[in-house]
Amino acid sequence: MHEVAKGLAGIIVTETTASMVDGSAGHLTYRGYAIEDLTTYANYEETAYLLLHQRLPNLHELTDFQQSLGTQMALEPHFVEVMQRFPKNCHPLTILRTLISMLGVYDPTADDNSLETELHKAYRLIAYTPIFTAAWSRLRRGLTPIPPDKNVGLAANLLYMHTGLIPTPAEVAALNVYLILMADHSLNPSTFTSRVVASTDSDIYSAITAALGALKGPKHGGANEATMEMFMEIGNPENVPSFFTEQVKGKGRKIMGFGHRVYRTTDPRSVILRTHAETLAKNSDNTRWFDIAAGLENLALADPYFMERRIYANVDYYSSVLLYMLGIEPDLMPLVFAIGRMAGWVTHILEQRLENRLIHPEAQYIGENDRVWVKLEDR
Ligand code: SDX
């Protein structure tokens, strides 16, 4: 009998040059650049270019890349017609997963896995994910989708297409920080899923559709939605102590947005997101949600149960407050996570194809053996 690594915890299954997660020290780098530098000096498009092309773009390359994304950012009528027939109460990530799969239906190059064609599809996926997200957020409210403004970047466009309002520079900066921080995170569940599908030489749309399916779970990309719903259940900062005592300590309820398979210290992304969430909260004169989050975090940090297990706030904790302050409803939050992570998913798919070996682990059989057949009439 072999030792089974439940959930593949701690198992190294591939090599990557895309990002490095140092779970002990709490560091994250993309192609060797620290997220602290990327969130201070770069925008999401620059980060996506770095992941896809393995180096930072010069001004000409970045302008070209942003224009390439801009030309892809359109919402063809056949997508709107289909979306208008979707049930309005369907979870938005299910809608996005379906639309991304449909993107492959209308792409004649879908099954051409050559690098040049794959790169073109990668740009298409990065461009379409915010388009679909914003269009569904409006259609499900009976509103008409707003076409993108080709003169602004992806973060500004997402907010504009979602709200119909021109976002402030602070709002655009905060969303860029979020999207940069979500762009890649080594072999997390959804990225691993995309690599498994790519390893069979299946197409990029199948791999991304599968990644979206993995992302949907509240243990992974659905956590930001569950975290915001938890804060809304708490309601106001005065209720935090009783929630912690009764629900978390008394009933063993998990604090959503807390804990991580790899980080054994505070998720470095949470540290950056906390600052931006607090700034947005103070700018809006509505610090309620930030105060609830900070109050609950303080109680957990002072609690032996959490400290013994090294359970800290992860990326989804303060990002839920940041996104809510930007007008993103909780059930749309996993889609904004997907908008950011799209760059990482397509990067890992390209990396898998470069040196591919079918991903095929094994399972330990622990069932019965040599059972004697019993005829149907005798059972
Ligand atoms: C993301 O991997 C990535 O990179 C993912 C991600 C990315 O960028 O792609 O970082 C994004 O998915 C972040 C995680 C978002 N999920 C949540 O916030 C949901 C709440 N968190 C937990 O479900 C949990 O922490 C996981 C799933 C994130 C990690 O789970 P593990 O590694 O399988 O650990 P575990 O569930 O075995 O927990 C170990 C112990 C258990 O206690 P004991 O059995 O020892 O008594 O820690 C406890 C757990 O009960 N625990 C928590 C807790 N998380 C773990 N207790 C209270 N609250 C929590 N949030």
Side-chain angles (χ1 to χ4, degrees), residues 8 12-19 30-31 44-45 47-55 57 61 64-74 76 78-79 82 93 96-132 154 182-216 220-221 337-361:
L8 291 181
I12 309 288
V13 295
T14 192
E15 293 171 335
T16 181
T17 59
S19 61
Y30 299 160
R31 302 256 187 238
Y44 176 67
E45 289 91 328
T47 305
Y49 187 100
L50 168 66
L51 285 167
L52 276 169
H53 296 282
Q54 308 188 33
R55 60 177 174 80
E61 290 163 331
D64 248 9
F65 180 57
Q66 285 175 313
Q67 280 168 357
S68 305
L69 294 179
T71 52
Q72 298 266 18
M73 288 182 93
E76 283 97 340
H78 51 262
F79 289 118
V82 165
L93 198 50
L96 179 62
R97 186 197 66 210
T98 306
L99 290 167
I100 291 293
S101 191
M102 260 185 78
L103 208 50
V105 169
Y106 290 98
D107 183 341
T109 72
D111 294 323
D112 172 355
N113 293 349
S114 64
L115 179 58
E116 189 189 350
T117 315
E118 288 284 84
L119 258 182
H120 180 77
K121 287 178 276 184
Y123 288 20
R124 185 169 154 80
L125 284 156
I126 291 170
Y128 263 90
T129 311
I131 293 272
F132 286 152
L154 190 143
M182 302 318 290
D184 197 43
H185 207 251
S186 192
L187 219 49
N188 59 83
S190 53
T191 299
F192 179 61
T193 302
S194 72
R195 290 190 76 134
V196 170
V197 175
S199 81
T200 73
D201 286 344
S202 182
D203 68 291
I204 193 168
Y205 294 106
S206 297
I208 296 296
T209 302
L212 285 162
L215 188 78
K216 187 160 178 280
H220 186 24
F337 185 147
I339 290 168
R341 188 55 54 87
M342 190 58 74
W345 287 333
V346 294
T347 294
H348 279 268
I349 289 165
L350 296 182
E351 191 173 69
Q352 183 69 34
R353 295 209 195 283
L354 279 180
E355 204 177 320
N356 186 27
R357 179 146 166 67
L358 178 66
I359 296 174
H360 184 329

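If you read the sequence from its start, that first residue is 1, and numbering goes on from there. What you see below is based on every heavy atom in this structure, not just the backbone, and it leaves out hydrogens, waters and symmetry mates.
- Remark: the backbone N or O of D201 is paired with a side-chain donor or acceptor of N113 at under 3.5 angstrom.
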Worked verdict on D107 versus R124 for salt bridge (charged side-chain N to carboxylate O under 4.0 Å, His left out): CA-CA 10 Å; D107 183 341; R124 185 169 154 80; 3.6 Å; yes

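- Of the possible polar contacts, none joining the S101 side chain to the R97 backbone as a donor-acceptor pair under 3.5 Å is found.
- To the nearest 0.5 Å, atom CD1 of residue I204 and atom CG of residue D111 are 11.5 Å apart.
- No donor-acceptor pair closer than 3.5 Å links the side chain of Y205 to the backbone N or O of V105.
- Minimum interatomic distance between A198 and N356 (heavy atoms only, all atoms of both residues): O-ND2, 4.1 Å.
- L96 places a side-chain heavy atom less than 4.5 Å from the side chain of I100.
- Heavy atoms of other residues, nucleotides or ligands lying less than 6.0 angstrom from CD of E76 number more than 12.
- Counting heavy atoms from C-beta outward, I208 and I349 have side chains that approach closer than 4.5 Å.
- When all heavy atoms of L358 and T200 are compared, the closest pair comes out as CD1-CG2, 3.7 Å.
- The aromatic rings of H78 and Y106 lie parallel to each other, with less than 30° between the two planes, well short of the 60° mark.
- In this structure, R195 and T14 approach most closely via the heavy-atom pair NH2-OG1, 3.7 Å.
- Side-chain polar atoms of T109 and D112 form no donor-acceptor pair below 3.5 angstrom.
- Here the straight-line distance linking atom OH of Y49 with atom CD of Q66 works out to 12.0 Å at 0.5 Å rounding.
- With rounding to the nearest 0.5 Å, the separation of OG1 in T209 from CE in M102 is 11.5 Å.
- The shortest non-hydrogen separation linking P361 to I359 is CD-C, 3.9 Å.
- No option in T191, V346, L212 other than T191 meets the side chain to side chain contact (heavy atoms under 4.5 Å, CB included) test with R341.
- Taking all atoms of both residues into account, the shortest heavy-atom contact from Y128 to A74 is CE2-O, 3.2 Å.
- No side-chain heavy atom of Q352 sits under 4.5 Å from any side-chain heavy atom of S194.
- Counting heavy atoms from C-beta outward, L125 and W345 have side chains that stay 4.5 Å or more apart.
- Residues V82 and T98 fail the side-chain proximity criterion, which asks for heavy atoms closer than 4.5 Å.
- At most 12 heavy atoms of other shown residues, nucleotides or ligands fall within 6.0 angstrom of atom CD1 in I12.
- Side-chain contact between I126 and L52 is present, with heavy atoms from C-beta onward closer than 4.5 Å.
- No side-chain heavy atom of T347 sits under 4.5 Å from any side-chain heavy atom of D184.
- Side-chain atoms of E45 do not come within 3.5 Å of backbone N or O of F65 as any donor-acceptor pair.
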Stepwise side-chain contact (heavy atoms from CB on, under 4.5 Å) test for I131 and F79: CA-CA 11 Å; I131 293 272; F79 289 118; over 6 Å; no

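- The closest side-chain heavy-atom distance from L103 to F132 is below 4.5 Å.
- Between Y30 atom OH and H185 atom NE2 the span is 7.0 Å, to the nearest 0.5 Å.
- In this structure, a donor-acceptor pair under 3.5 Å is absent between the side chains of R357 and S199.
- Judged by distance alone, the side chains of S190 and H220 do bring a donor and an acceptor atom under 3.5 Å apart.
- When atom types are taken as modelled, the side chain of S19 and the backbone of S186 share a donor-acceptor pair closer than 3.5 angstrom.
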L350 and L119: CA distance, side-chain angles, deciding distance, side-chain contact (heavy atoms from CB on, under 4.5 Å) verdict: CA-CA 8 Å; L350 296 182; L119 258 182; 4.0 Å; yes

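- Of all non-hydrogen atoms in L69 and Y123, the two that sit nearest each other are CD2-O, 3.5 Å.
- Separating the CG atom in L115 from the CG atom in L354 is a distance of 6.5 Å, to the nearest 0.5 Å.
- The line from CE of M342 to OG1 of T129 is 3.0 Å long, rounded to the nearest 0.5 Å.
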